[in-house]
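Working notes for the structure below.
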Amino acid sequence: MVHPVPRAPKRGPLPPAMGSHNAPATQGSNSQLPTVEEISAGGVVVDQHGTGLRVAIIARINRGGRLEWCLPKGHPEGVENYAEAAVREIEEETGIAGDILAPLGSIDYWFTVSGHRVHKTVHHFLLRATGGELTIDNDPDHEAVDVAWVPLSELALKLSFPNERRITDLAQDLLPEYF
């Protein structure tokens, strides 16, 4: 599900509920497993290349051993707001520095791991690439196994998750304002 977020200043304190915390399982759920709320931030970092645009994405291996191509994202640290976390995480996971152009909204989803259910919300932003070189060498968690520039026209075919394809559709709608 895509949730729009209002345009907000790029800096500011985090709400007190940032990061992960335990919460009771949703009433009426089929599971008696404890629920953990997780929040991440990331986005679509776009670079002008020749006459076209391209986006940096990462590959990771999922718990089932399959390769998944996705948008870079990660957890806010310390007092970072979502935008600051997105900029840092994108640079760590892709090697590409960027400036925020606009918020793209958030997605949320559920999954189960290690005896608990996780409800994850990811806040996405549109960024303009400002420098750097593609690399996964600076990913502190070593989650990314590959990184690539993908032409904007091929992005929907490369991304593994429909909710991320919807985020990139929103980004494409905004691109004429910035490129």
Side-chain angles (χ1 to χ4, degrees), residues 2 5 7-14 18-20 38-62 66-107 120-179:
V2 176
V5 293
R7 292 183 186 253
K10 293 181 185 176
R11 300 210 176 269
L14 289 176
M18 285 304 297
S20 300
E38 286 188 9
I39 296 176
S40 289
V44 180
V45 60
V46 179
D47 180 53
Q48 182 90 40
H49 183 70
T51 60
L53 299 175
R54 60 186 184 172
V55 175
I57 62 173
I58 63 167
R60 64 179 185 198
I61 305 296
N62 70 14
R66 290 188 315 272
L67 187 71
E68 298 173 332
W69 284 95
C70 55
L71 297 173
K73 63 186 169 297
H75 299 285
E77 294 179 357
V79 296
E80 284 180 323
N81 65 28
Y82 301 139
E84 292 164 337
V87 169
R88 178 187 49 78
E89 286 288 342
I90 289 168
E91 188 166 3
E92 285 179 358
E93 292 188 349
T94 69
I96 303 301
D99 288 336
I100 299 276
L101 299 174
L104 293 173
S106 61
I107 57 176
K120 186 164 190 169
T121 302
V122 183
H123 301 278
H124 288 92
F125 296 86
L126 175 62
L127 289 81
R128 177 190 310 271
T130 59
E133 293 184 25
L134 283 183
T135 181
I136 59 170
D137 293 341
N138 299 321
D139 181 6
D141 301 323
H142 305 290
E143 292 175 351
V145 297
D146 200 0
V147 62
W149 283 116
V150 177
L152 191 60
S153 61
E154 298 172 21
L155 191 56
L157 300 172
K158 190 78 168 176
L159 289 172
S160 298
F161 302 106
N163 56 10
E164 290 190 347
R165 290 192 291 271
R166 286 191 294 275
I167 288 292
T168 60
D169 288 345
L170 293 172
Q172 288 186 51
D173 291 345
L174 293 175
L175 288 175
E177 292 181 41
Y178 302 104
F179 289 91

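In what follows, residues are counted from 1 in the order of the sequence shown. In this text, all values refer to a predicted model and were calculated from it rather than measured experimentally.
Heavy atoms only, all atoms of each residue included: A144 and E93 are closest at CB-O, 4.2 Å. When every heavy atom of P103 is checked against every heavy atom of F125, the shortest pair comes out as CA-CD2, 3.6 Å. Of all heavy-atom pairs between S106 and H123, the closest is CB-ND1, 3.5 Å. Nearest heavy atom pair, residue A56 against residue I96, reads CB-CG1, 4.4 Å. For the pair A85 and P76, the tightest heavy-atom approach, listed with the atom from each and the gap, is CB-CA, 3.6 Å.
Within the 4.5 Å cutoff, no side-chain heavy atoms of T135 are placed close to those of V147. Residues L159 and V150 form no side-chain contact, since every pair of their non-hydrogen atoms from C-beta on lies 4.5 Å or further apart. Side-chain contact check for L67 versus I61: some heavy-atom pair is nearer than 4.5 Å. At a threshold of 4.5 Å between non-hydrogen side-chain atoms, the residues L71 and F161 do not count as touching. Here the side chains of N138 and E91 are not in contact, with every heavy-atom distance at 4.5 Å or above.
Taken from CD1 in I136 to CZ in R60, the straight-line distance is 13.5 Å, to the nearest 0.5 Å. L134 CG to I58 CD1: the interatomic distance, rounded to the nearest 0.5 Å, is 11.5 Å. To the nearest 0.5 Å, atoms CD (E143) and CG (N62) are separated by 12.5 Å. Interatomic distance, OH of Y178 versus CG of L127, reported as 11.0 Å (0.5 Å rounding). Here the NE2-CG distance, from H49 to L152, works out to 13.5 Å after rounding to the nearest 0.5 Å. Atoms CD and CD1, on E84 and I100 in that order, are 9.5 Å from each other to the nearest 0.5 Å.
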Please assess L53 against Q48 for the test side chain to side chain contact (heavy atoms under 4.5 Å, CB included), listing each intermediate value before the final yes or no.
CA-CA 5 Å; L53 299 175; Q48 182 90 40; 3.5 Å; yes

Note to self: Between R54 and D47, is the salt bridge (charged side-chain N to carboxylate O under 4.0 Å, His left out) condition met? List the steps.
What the structure shows: CA-CA 5 Å; R54 60 186 184 172; D47 180 53; 2.8 Å; yes

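Looking only at distances, no side-chain donor or acceptor of T121 sits under 3.5 Å from a matching main-chain atom of I39.
By the salt bridge (Lys or Arg N to Asp or Glu O under 4.0 Å) test, D139 pairs with no residue at all, sequence neighbours left out.
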Please list, one pair per line, the donor and acceptor atoms closer than 3.5 Å that link side chains of residues 169-176 to other protein atoms, with sequence neighbours excluded.
none

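Shown are E164, E92, E89; of these, the salt bridge (charged side-chain N to carboxylate O under 4.0 Å, His left out) with K73 is made only by E164.
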